[in-house]
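Start at 1 with the first residue, then count along the sequence. Please read all numbers here as calculations on a predicted model, not as lab measurements. Each ligand, and each atom within it, is numbered from 1 in the order the structure gives.
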Amino acid sequence: MLKPEIEKVLNKQIELEASSSQYYLAMATWCESKGLQGTSNFLYHHSDEERMHMLKLVKFISERGGRVIIPALVQPPTTFDSIEAVFNLVLEHEVNVTESINNIIDVCLSVKDYTTHNFMQWYVSEQLEEEALARTILDKLELIGADKGGLYLFDRDLQELSTQVIEQP
Ligand code: OFO
């Protein structure tokens, strides 16, 4: 049986993963409207991944006899200042997610829930990768600056990345 403290933080994480998925979906549609098809596909995939992160939590709570709360949707922004702004927001968001995951780990240790602690290790490594990826993308964008040809190649790179980063649940 899940302890109430754990059920609470896991449900909060479900909300955060769901809102990440919505947020990246909004970014994907914005990039698509700017002709950045590769970047858009990358973000569509990223949005799918976040939904998968949410589902893993939903199933884990259910399997442990807890109560899942499916959160209401919050409308993400419809427009963004630039592609750099998009990825700065991605990084900022992922850093928040990491903090939230670290908080769950703290709660697991404080109530001695080693099963959830073990389950959350997957999220710890996932966050490491996601933050690193967002930083790499931002470095590339800084390198490109205002070079339109560079942006074209960047978009092509992200198209390629979008087929690699998708994971199986
Ligand atoms: Fe990228 O947030 Fe999920 O875990």
Can you find a heavy atom in the side chain of Val97 that is under 4.5 Å from one in the side chain of Glu130?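 SC-SC contact between Val97 and Glu130 ruled out.
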With sequence neighbours excluded, residues passing salt bridge (charged side-chain N to carboxylate O under 4.0 Å, His left out) with Asp157: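 Lys140.
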Please list all pairs passing the ring pair (Phe, Tyr, Trp, His ring centres under 6.0 Å) test where one or both residues lie in residues 140-162, with sequence neighbours left out.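 The answer is none; no pair qualifies.
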Check ion pair Asp155-Lys34 (N to O, under 4.0 angstrom):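 Not counted as a salt bridge, because no side-chain N and carboxylate O are separated by less than 4.0 Å.
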Under 4.0 Å from a heavy atom of Tyr123: give me the atoms of ligand 1 that qualify, with their elements.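 Per the distance check, 4 (O).
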Aromatic centroids of His45 and Tyr24 separated by under 6.0 Å: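 No, too far apart.
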Tell me, which protein N/O/S atoms are under 2.8 Å away from atom 1 (Fe) of ligand 1?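 The answer is Glu50 OE2, Glu94 OE1, Glu94 OE2, Glu130 OE1.
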side-chain hydrogen bond (donor to acceptor under 3.5 Å, both in side chains): which pairs involve residues 80-92, sequence neighbours left out?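 The answer is Ser82-Glu84.
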